[in-house]
Protein chains: 2
Amino acid sequence: MAARVTTTDRVLASLRESILSGEFPAGSLHSIYRLADLLEVSRTPVREAVLRLADLGLVTIERNRGVRIRGVSVTDVRSVFELRLMIEVPAAAYAAAHATDDDVRLLEAELDGMRDAATAGDESAFTVHDRALHETIGAVLGNQRAQHEVAALRDSIQTRGASTLHRSRGMPEILGEHVPIVTAIAARDATAAARHMEEHLVSTASLLMAQAATPDDPAPESGWADRLRPHLYVPDGAASPPE
Amino acid sequence: MAARVTTTDRVLASLRESILSGEFPAGSLHSIYRLADLLEVSRTPVREAVLRLADLGLVTIERNRGVRIRGVSVTDVRSVFELRLMIEVPAAAYAAAHATDDDVRLLEAELDGMRDAATAGDESAFTVHDRALHETIGAVLGNQRAQHEVAALRDSIQTRGASTLHRSRGMPEILGEHVPIVTAIAARDATAAARHMEEHLVSTASLLMAQAATPDDPAPESGWADRLRPHLYVPDGAASPPE
DNA sequence: AGCAGCGAGACTTCATGCAATCCCCTCGTC
DNA sequence: GACGAGGGGATTGCATGAAGTCTCGCTGCT
């Protein structure tokens, strides 16, 4: 099963990396020709990779113009994070209810990794551990399809330096949002885990939306997440009545 | 913006239809050559379409063997429906809380369509209205990405005659599961809408899992959905304590 | 100065060639 | 009779050619 790595895969990974790292700025226009020339392969694998990227929503193909790197709009961020809320909040609650001691140890290890990276000022490592932490929480549920979906959602908005790192929050703040999630899971408190995961995602989304906002693309309302909130997960007390 | 329909798109749609309709049985092996010959196009658009189908999980590409039509395993059904629960249950609750009168009218129209198709014995039309009903509920949320994802999830397991129609349930039973959902939305009762949507999805998933079960692929446990249930949406009373 | 029409360039898109790879079947040997 | 090796055949995967189509800039006219 050593799925031999094909040229298309390498091109796909390379392009994805170039887009996510910001080497290809959002809105820029490229052609299959130039990309093929740049990567020193023929146009076919490039075309196939671009088609798949278009499916993932990272680029759009403009007929007879080229492929344009998609920027993230406020609506994009909102759509993605609503989905992440719908998936990751229940996942966090489930993890709290069903995590083994080994799972908890893994979570705390990732948290330590984030802490170390934060003190070392290593943003790259910090992001890696951040991602791994979320994936470890999702892994408790054991739904590979959900895992893959969350990863795709994450990719689709992490274009460019659209990380929240530089502009808005520092690593300590982000770390601070993750700590209570892990603490709640370790305490087997599903309610708290869900609440903290929700707060983390909403916080991140709000900042990303503020970054993506432009004069015409309307600024995000403050309580944007409330519309979904009462229907997501009700931590304590009775289910909130409709409206 | 009249996105000209390209050959690849037509091939993709055609193959998808052939797989979903059961014309290409699950597990069967085809080659790009034969498919291209069959559809009277060259191998390139067929290859591109197949790659996208592989991304969607409908087929797997076996190197130097051909493309194999993926059957659905019990695990597949479970993964897909867990995700659908996480998305569609909140969506139903949200729809109940925020649907306009026009939305409700649309829902009832689709329900009528299902009823007519049921009495006429038209399974194809019934399926169309079933799908449209779910999409209309999702449309109230207005999250296109979520809509698209649900559609993809639906496709990925509706391979073959894996509809629940023939073997297990008749159209009246399925219709009967949809009626209370629409009723609850019309009554603006989010709690009931969520509960009925959940019951519908769990019921459908259980039947599909029973169909997909084989001697070695373990039969689905009865209370399989319970593990997620307390973390999904808590209709009434306090949140269930973590275990 | 502004606008319309036209031509050249470029890009996507589909078709086909070609090589490398892998499976399977047969034949030979133990 | 069983096991292993080798060859034929088929398939994927990459490269390149050819054609159709759209965009953009230039030129000429108003």
Side-chain angles (χ1 to χ4, degrees), chain A residues 1-19 23-71 156 159, chain B residues 1-19 23-71 156 159:
Chain A
M1 260 305 173
R4 197 184 70 104
V5 62
T6 172
T7 304
T8 299
D9 291 332
R10 278 184 286 114
V11 171
L12 180 63
S14 172
L15 290 181
R16 214 180 63 119
E17 193 57 32
S18 294
I19 295 174
E23 186 180 346
F24 292 165
S28 62
L29 202 57
H30 306 262
S31 81
I32 305 285
Y33 272 115
R34 280 203 304 273
L35 293 176
D37 188 42
L38 184 68
L39 298 173
E40 295 179 338
V41 295
S42 84
R43 307 194 308 275
T44 304
V46 175
R47 173 174 165 78
E48 288 171 357
V50 164
L51 282 175
R52 293 172 73 173
L53 286 175
D55 259 0
L56 293 177
L58 288 181
V59 302
T60 57
I61 301 181
E62 302 187 6
R63 189 179 168 77
N64 295 16
R65 295 283 306 276
V67 295
R68 186 177 300 278
I69 311 299
R70 273 203 60 178
S156 73
T159 157
Chain B
M1 259 305 174
R4 199 182 69 103
V5 62
T6 172
T7 303
T8 299
D9 291 332
R10 277 184 287 116
V11 171
L12 179 64
S14 172
L15 290 180
R16 214 179 63 119
E17 193 57 32
S18 294
I19 295 173
E23 187 180 344
F24 292 165
S28 62
L29 201 58
H30 305 262
S31 82
I32 304 285
Y33 271 117
R34 280 203 303 275
L35 293 177
D37 189 42
L38 185 67
L39 298 174
E40 295 179 337
V41 294
S42 85
R43 308 195 311 273
T44 304
V46 175
R47 174 175 164 77
E48 289 171 357
V50 165
L51 281 175
R52 293 172 73 173
L53 286 174
D55 260 0
L56 294 177
L58 288 181
V59 303
T60 57
I61 299 180
E62 302 186 6
R63 190 180 166 78
N64 295 39
R65 293 284 306 276
V67 296
R68 187 175 299 277
I69 310 299
R70 274 203 58 178
S156 74
T159 157

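Naming convention: chains lettered A, B, ... in sequence-line order (proteins, then strands); numbering from 1 in each chain. This structure is a prediction, so every number in the text was calculated from the model and none was measured.
- You'll find the side chain of Leu58(A) stays beyond 4.5 Å of the side chain of Arg70(A), heavy atoms only.
- If His30(B) and Pro45(A) are placed on DNA chain D by their nearest nucleotide, the residue sitting closer to the 5' end is His30(B).
- Proximity of Thr8(B) to the phosphate of dT13(C): no side-chain N or O atom is located under 4.0 Å from OP1 or OP2.
- Residue Arg43(A) places a side-chain atom within donor-acceptor reach of the base of dG17(D), judged by atom type and a 3.5 Å distance cut-off alone.
- For the atom pair CD1 (Ile19(A)) and CD1 (Ile69(A)), the distance works out to 4.0 Å, reported to the nearest 0.5 Å.
- Ranking dT12(C), dT13(C), dA15(C) by closeness to the Ser42(B) side chain, first place goes to dA15(C).
- Side-chain contact check for Thr44(B) and Arg47(B): no donor-acceptor pair (N or O, by modelled atom type) lies under 3.5 Å.
- In this structure, Asp9(A) and Arg63(A) both approach DNA chain D, and ranking their closest nucleotides by distance from the 5' end singles out Asp9(A).
- Listed nucleotides: dC24(D), dC14(D), dC11(C). Nearest to the side chain of Arg34(A): dC11(C).
- Within the 3.5 Å criterion, the main-chain N or O of Gly27(B) finds a donor-acceptor partner in the side chain of Arg68(B).
- Remark: Arg47(A) is not in phosphate contact with dA15(D), judged by side-chain N or O atoms under 4.0 Å from OP1 or OP2.
- Look at CZ on Arg65(B): it is 14 Å from C1' on dC25(C), rounded to the nearest Å.
- Distances shorter than 4.0 Å separate none of the side-chain N or O atoms of Thr44(B) from OP1 or OP2 on dA15(C).
- A donor N or O paired with an acceptor N or O is not found under 3.5 Å between the base of dT23(D) and the side-chain atoms of Asn64(A).
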